[in-house]
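Down below is the structure, laid out as C-alpha cells.
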Amino acid sequence: MILVSACLLGHKVKYNGGSNKNDLLLKYNERGHFLAVCPECFSMLPVPRPPMEIQGGTGKKLLAGRAKAQDKNGMDTTQYLLTGAEKVLKIAKAYNAKFAILKESSPSCGVKKIHSGHFDGKKIKGQGVTTALLVKNGIEVFSEKEITIGRLEELMAADIKN
Ligand code: SF4
C-alpha cells in the first residue's frame, strides 16, 4: 500500500475543518493502492483545531527532543505530533508500505517545507514529524507537489511487486 495524507484524498480533517482535495490523487485512489492516514487525527486532536507549528527546528529535530510544537493558543502539542507519527509508522509497517504521499508544509506531513514556527506565514526547509519518522525508517516520502501521472504509475507498479 501507499500511504496518503487523508486531507489530500478529500477527508475533511484539516485544522480548519476543510480538506486539501487533490483531483489527480482522487482519480488514482480508485485503483485501491492508497491508504489514507491523518497523524493529527490519530493522536486524537479534534477537527477543527487551532493551527500548530514546530518551534525552534524541524520534525527531525523534534524527534530528537531538540524542538517542540505549539498551537496558536500557546498549547504544547509536541506529544500529539509524536503520537500521530508513531501511529502512522505502525500502520506503514503493518502494511509493509514503502512509499507515502504527504501534504506539503504541514507540521506532521510536510516533505520539503514546514511553517517557520512564528505563525507569520513564512516557511523554512525541513520535514514534518511524521515524514521525518517515516524517512528514518526507510519509507520514501513525496509531497503532492512532486506527484505526476508518471510517478504515480511507477509507485503503483512498485507497490504491486512489493
Ligand atoms: Fe492532512 Fe497531515 Fe494535516 Fe492530517 S496531519 S490534516 S493528513 S496534512
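In listed order, ligands and their atoms are each counted from 1. It should be emphasised that the depicted structure is a prediction, and the values quoted were computed from it without experimental measurement. Residues: numbered from 1 along the sequence shown.
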Heavy atom under 4.0 Å from ligand 1: found in His11's side chain, backbone, both, or neither? neither

Counting only pairs under 3.5 Å, give me each side-chain donor-acceptor contact of residues 80-87, with atom names and distances, residues two or more places apart or in other chains.
unit_1	atom_1	unit_2	atom_2	d
Thr83	OG1	Gln79	O	2.8
Thr83	OG1	Gln79	NE2	3.4
Lys87	NZ	Phe42	O	3.0

Under 4.0 Å from any heavy atom of Arg49, which atoms of ligand 1 are there? 6 (S)

Closer than 3.5 angstrom, by distance alone: can the side chain of Glu104 be matched with the main-chain N or O of Val111 as a donor-acceptor pair? yes

Do Arg49 side-chain atoms and Asn16 backbone N/O form a donor-acceptor pair below 3.5 Å? no

Is it true that a side-chain atom of Arg31 and a backbone atom of Tyr28 form a donor plus acceptor pair closer than 3.5 Å? no

Restricting to under 2.8 Å, identify the protein N, O or S atoms around atom 2 (Fe) of ligand 1 as residue plus atom. Cys109 SG

Any donor-acceptor pair under 3.5 Å linking the side-chain atoms of Glu40 with those of Ser108? yes

Say whether Lys98 and Asn96, considering side chains only, have a donor N or O and an acceptor N or O under 3.5 Å apart. yes

Pairing donors with acceptors under 3.5 angstrom, does anything connect the side chains of Lys123 and Ser105? yes

